[in-house]
Structures are given as structure tokens and as C-alpha cells.
Amino acid sequence: MWNGIIERYKKFLPITEKTPVITLKEGNTPLIPSRYASSLIGSGVEVYFKCEGFNPTCSFKDRGMTLAISKALEAGSRACMCASTGNTSASASAYAARAGMRCIVLIPEGAIALGKLSQAMIHGADVLAVKGNFDDALNIVKEITKRYPITLVNSINPYRIEGQKTGAFEICDVLGDAPEFHAIPVGNAGNITAYWKGYKEYKDSGASKKLPVMLGFQASGAAPIVKGHPIKNPKTIATAIRIGNPASWKQAQGARDESGGIIDMVTDREILDAYKMLASKEGIFAEPASAASVAGILKLAKKGYFYRKQRTENREQSIRIVCVLTGHGLKDPDRAIASVKKPKSIRPKVEAVLEHLKL
Ligand code: AN7
């Protein structure tokens with residue numbers, strides 16, 4: 001029976017017998033082989049999607065939150081707080097509810113997806129909409145959690161990173177080793193930090209043999225790491241990664257440089273094309289930010305990046321690329337509906353239906 005990432009990977013996690021484990025049985029998410037994207041990248045390439053939208057609150061944040069909330073409870077904390085573009089707040093509020101803990105979330109007003117807002121609200125968090133962006137909200141949370149006995153559960157909380165690294169373990173367990181490439185969207189840069197840490201620890205333990213090349217992708221209107229400076233007014237339709245000054249900036253650069261990888265950016269158009277392609281050709285509904293990883297590898301493929309790698313390594317086996325699809329598409333129903341043609345309204349008659357179908 002699957003009992004969540006803490007039980008499955010406890011020897012890699014900072015827990016003791018005394019840690020009260022708060023779990024919604026997160027993790028064990030499917031690694032789905034691509035049917036379509038692989039063919040766009042080229043022959044000898046296999047693309048896989050790590051579908052993190054299948055977690056209990058429908059994003060990867062649950063892996064870190066189970067540990068952060070369990071450790072907060074162990075330390076006697078009665079309240080937690082975060083700033084969020086949406087998914088962190090959804091996850092924190094669910095795990096805090098489960099733990100019987102107060103949860104306070106600060107969100108950028110008018111800039112988080114509807115599904116995420118509904119989650120934080122229904123789980124009973126104190127939701128405050130800040131007239132500012134994510135970076136402003138995070139600064140306020142840092143200040144308040146310094147002054148009051150409230151646990152900060154953004155990814156600067158090291159337990160968040162520890163929990164999230166289990167995504168890398170699962171990928172290695174399924175593939176038998178790390179993939180050649182790991183593609184991931186980058187917002188506050190916690191997840192790329194966590195995956196790189198996970199891949200390194202798994203290799204050190206002997207559970208895997210190699211390390212992947214890390215490929216991180218930001219939205220072009222919110223690409224501080226690519227541009228080399230914080231972005232004051234980040235803009236992108238991928239609201240989850242609308243972040244101008246990532247907390248784990250240095251660690252993300254570390255993952256890029258140690259792995260020989262890249263942190264690049266993709267336009268909103270490229271993100272939306274990948275988003276629609278995933279839904280219509282792969283049957284996978286992921287949120288726009290998640291599609292940045294797929295948009296990114298398609299961009300690199302067009303420049304011959306993977307082809308060159310194959311040539312220089314003179315490979316016989318195919319190259320495996322894992323794209324992390326970080327959150328479920330239902331998080332942002334407005335974006336889905338705005339992206340495609342509306343359903344036609346017709347009379348309740350067989351002829352009326354047939355007229356439109358042109359069978
Ligand atoms: C779907 O919820 O930052 O680079 O406050 O929700 O680890 O920040 C969300 C980030 C990618 C970026 N994909 O991950 C938040 C928040 C989705 C996300 C990211 C987020 P990080």
C-alpha cells in the first residue's frame with residue numbers, strides 16, 4: 001500500500017520515530033510516455049511526463065508540504081504561513097487542515113488561478129489578497145514569520161525542498177536510472193533545486209548511476225535568472241511562475257552549472273501552444289506553467305540541441321527526457337476556456353445536432 005513520500009523514502013528524509021506524519025498519500029505520480037511530443041523532438045528521443053497534477057491537491061507542492069507541516073507539528077507550531085501564486089497556498093491549506101493547524105496565505109490580488117483560490121478558501125485558510133505581486137507578498141511573509149511564532153512554508157523552508165526531491169527518486173525508480181535530461185518550469189526555483197538534490201543523493205546512495213542534464217524554463221516576461229537581474233513587474237499568462245526575484249536563484253544556477261544544463265525562457269505563445277498540444281495530442285491536461293517545460297524542450301529541439309547531444313555522444317540507445325508537469329489543468333479553468341472555441345449552442349433536435357456535425 002502506498003502511504004506517501006515520507007514513509008516510502010524516509011531514509012533520505014530528516015525525520016525520526018517521533019515525527020507526526022501528516023500525509024494525504026502524496027507522490028507515486030505517473031510517469032507517462034509521450035505519444036506525440038517525442039516525434040516532434042526527433043528519432044531516438046523518448047519524452048516522459050511526470051504528472052504531478054495527480055497529487056492530492058493537484059500539484060507537486062504536496063511532496064514538500066507533507067514534510068514541512070509534519071516537521072512544524074513536531075516542533076509544536078500551531079500556525080503556518082506562505083506567499084503564493086496559488087499552488088503553495090492550496091497545498092499548505094490542505095495539509096494544515098489535516099494537521100489541525102492555522103494557515104495564513106498571502107496571494108497577489110487578481111493574479112491567481114480560480115481553482116487554486118477555491119482550494120485555499122474551502123480548506124479554511126485565512127486568505128489575504130495583497131495589492132502587489134508574489135515577490136511583495138513573500139517579503140511580508142518573511143518579515144511576519146520572523147517576528148511571530150508562525151512557520152513559514154514557502155520553499156525557503158528546507159523541509160519543502162527535502163520532500164520535493166522525492167520526485168527525482170520516483171523517476172529513477174521507474175526508469176531504472178536517471179534520464180539524460182530533466183526539463184522543469186522555474187518560478188521561485190525551489191523545485192529545480194529539489195530535483196537536482198534528489199538526483200545527486202540517489203546517485204550517491206547507489207540507487208541510480210548517472211545524473212541528468214537539468215533544463216529549466218522561465219516565462220519570457222518573468223525570466224530573472226535568464227536575464228541576470230530581478231524583474232520588477234513580472235508578466236505572463238502562466239500565473240504560477242509569475243515571479244521576479246526567485247528565492248532559490250543561486251541554487252537553480254548551481255543545478256544548471258553542475259549538470260551542464262540550461263535555464264532558458266519561453267514566450268507565452270510557446271507556453272500556450274505546448275499547453276494545447278499536451279491536452280489535444282497527449283490527453284494530458286496540465287496547467288500553463290507546467291507546459292513551459294514542454295515548450296522549452298521543443299524550443300531547444302528546433303535549435304538541434306538534442307540532435308547535437310546524440311551525435312557527440314554517439315549514442316545507440318535513445319535519449320530520455322523527463323518533463324515535469326507540475327500542476328493539473330483544472331487549476332486554471334478560465335485559461336482552458338479562453339484558449340479554444342466555445343461550444344455551439346443549438347436547438348434540442350437530432351437534425352440540429354446533425355447539421356453541425358456534418359457526418
Ligand atoms: C504549477 O504556488 O511559487 O520554481 O507560490 O505552481 O519551485 O517555484 C508555484 C510555483 C511551476 C514553479 N509550476 O516552481 C506558488 C509557486 C507550477 C507552480 C512552479 C510553480 P518553483
Side-chain angles (χ1 to χ4, degrees), residues 29 50-55 57-65 68 81-94 105-108 111-113 115-117 119-120 125 127 130 133-138 141 152-157 160-161 163-165 167 183-198 214-219 222-225 234 236-249 251-253 255-256 263 266 271 274-275 278 285-296 323-332 335:
T29 56
K50 179 66 170 161
C51 294
E52 290 290 278
F54 288 59
N55 274 300
T57 77
C58 308
S59 87
F60 72 97
K61 305 284 182 182
D62 296 342
R63 293 180 184 278
M65 210 54 78
M81 187 172 187
C82 64
S84 181
T85 59
N87 280 325
T88 299
S89 68
S91 186
S93 51
V105 308
L106 263 55
I107 52 166
I112 83 165
K116 305 173 188 182
L117 180 62
Q119 289 177 291
V127 183
V130 175
N133 59 34
F134 169 84
D135 306 284
D136 302 324
L138 183 57
V141 170
L152 180 155
V153 291
N154 281 103
S155 59
I156 26 184
N157 178 329
R160 282 277 315 279
I161 304 292
Q164 282 172 213
K165 76 186 179 189
I184 187 166
V186 175
N188 214 21
N191 214 23
I192 189 171
T193 303
Y195 268 96
W196 182 236
K197 189 169 196 285
M214 300 295 286
L215 307 173
F217 299 99
Q218 302 195 292
I225 301 177
T236 168
I237 54 99
T239 51
I241 52 173
R242 189 169 160 263
I243 294 175
N245 192 13
S248 301
W249 189 320
Q251 293 89 326
Q253 285 178 325
R256 175 194 66 194
I263 295 181
V266 284
I271 290 173
Y275 167 72
L278 278 169
F285 189 20
E287 67 171 284
S290 305
S293 61
V294 180
C323 292
V324 187
L325 301 183
T326 44
H328 200 283
L330 283 172
K331 293 272 191 178
D332 195 352
R335 178 55 58 192

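These numbers come from the heavy atoms of this one structure, side chains and all, not from hydrogens, waters or symmetry mates. Note that ligands are numbered from 1 as they come in the structure, with each ligand's atoms numbered from 1 the same way.
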(message) Rounded at 0.5 Å granularity, tell me how far OG in Ser155 sits from CD in Gln251.
(response) 9.0 Å
(message) Are any of the N/O atoms on Lys116, whether in the backbone or the side chain, positioned under 3.5 angstrom from an N/O atom of ligand 1?
(response) no
(message) Taking 4.0 angstrom as the limit and counting only heavy atoms of Ser84, give me the atoms of ligand 1 inside it, by number and element.
(response) 2 (O), 5 (O), 15 (C)
(message) Return the CD1 to CE distance between Ile192 and Met214, rounded to the nearest 0.5 Å.
(response) 4.5 Å
(request) To the nearest 0.5 angstrom, please state how far the NZ atom of Lys61 sits from the CZ atom of Arg160. (result) 5.0 Å
(message) Using heavy-atom distances only, which candidate in Ala292, Gly187, Pro246 approaches atom 12 (C) of ligand 1 most closely?
(response) Gly187
(message) Name the residue from Val127, Thr239, Leu117 that meets the side-chain contact (heavy atoms from CB on, under 4.5 Å) definition with Ile112.
(response) Leu117
(request) Return the minimal non-hydrogen interatomic distance between Ala137 and Ala83, and the atom names on each side. (result) C-CB, 3.6 Å
(request) Give the numbers and elements of all ligand 1 atoms closer than 4.0 Å to a heavy atom of Phe134. (result) 5 (O)
(message) So, applying side chain to side chain donor-acceptor pair (under 3.5 Å) with Glu52, which one of Thr326, Thr29, Asn87 is it?
(response) Thr29
(request) Among all protein heavy atoms, pick out the one at the shortest distance from atom 6 (O) of ligand 1; state its residue, atom name and that distance to 0.1 Å. (result) Asn87 ND2, 2.7 Å
(request) Could you tell me whether ligand 1 has any atom less than 4.0 Å away from a heavy atom of Ile184? (result) no
(request) Pick one of side chain, backbone, both or neither for how Ile241 approaches ligand 1, counting any non-hydrogen atom pair under 4.0 Å. (result) side chain
(request) For Gly190, take its heavy atoms, then give the atoms of ligand 1 lying under 4.0 Å from any of them. (result) 4 (O), 7 (O), 21 (P)
(message) I need the Arg63 CZ to Lys165 NZ distance, nearest 0.5 Å.
(response) 12.5 Å
(request) For Val186, counting its heavy atoms only, list the atoms of ligand 1 lying under 4.0 Å from any of them. (result) 4 (O)
(request) Assess Ala189 for proximity to ligand 1: is some non-hydrogen atom of it under 4.0 Å away? (result) yes
(request) Name the closest protein heavy atom to atom 5 (O) of ligand 1, giving the residue it belongs to and the distance to 0.1 Å. (result) Thr85 N, 2.8 Å
(request) Could you check atom 7 (O) of ligand 1 against the protein and tell me its nearest heavy-atom contact, residue, atom and distance included? (result) Asn191 N, 2.8 Å
(message) Give me the residue, atom name and distance of the protein heavy atom closest to atom 14 (O) of ligand 1.
(response) Phe60 CZ, 3.5 Å
(message) Students should be able to answer this: which protein heavy-atom is nearest to atom 17 (C) of ligand 1, and at what distance?
(response) Thr326 OG1, 3.3 Å
(message) I'd like to check which ligand 1 atoms, numbered from 1 as shown, lie under 4.0 Å from a non-hydrogen atom of Ile243.
(response) 3 (O)
(request) Among all protein heavy atoms, pick the one closest to atom 18 (C) of ligand 1 and tell me residue, atom and distance. (result) Ala240 CB, 3.5 Å
(message) Quick check on Lys61 - does any of its heavy atoms sit under 4.0 Å from an atom of ligand 1?
(response) yes
(message) Residue-level breakdown please: for Asn154 versus ligand 1, do any non-hydrogen atoms fall below 4.0 Å on the side chain, on the backbone, on both, or on neither?
(response) neither
(message) If the cut-off is 4.0 Å to any non-hydrogen atom of Glu287, which atoms of ligand 1 fall inside it?
(response) 1 (C)
(message) Starting from atom 8 (O) of ligand 1, what is the nearest protein heavy atom, named by residue and atom, and what distance separates them?
(response) Asn188 N, 2.7 Å
(request) Could you give me the CA-CA distance, side-chain angles and deciding distance for Lys331 and Gln119, then say whether side chain to side chain donor-acceptor pair (under 3.5 Å) is met? (result) CA-CA 9 Å; Lys331 293 272 191 178; Gln119 289 177 291; 2.6 Å; yes
(message) To the nearest 0.5 Å, what is the distance between CG on Asn188 and CG on Asn154?
(response) 6.5 Å
(request) State, yes or no, whether a side-chain contact exists between Val324 and Ser293 at a heavy-atom distance under 4.5 Å. (result) no
(request) Return the residue, atom name and 0.1 Å-rounded distance of the protein heavy atom closest to atom 2 (O) of ligand 1. (result) Thr88 N, 2.7 Å
(request) Can you measure from CE (Met81) to CG (Asn157) and round to the nearest 0.5 angstrom? (result) 14.5 Å
(message) Which residue is it: Ile241, Val266, Ile225? I am looking for the one with a side-chain contact (heavy atoms from CB on, under 4.5 Å) to Gln218.
(response) Ile225
(request) Compute the minimum heavy-atom distance from Gly86 to ligand 1 and say whether it is under 4.0 Å. (result) yes
(message) Keeping Asp332 on the side-chain end and Glu287 on the backbone end, is there a donor-acceptor pair under 3.5 Å?
(response) no
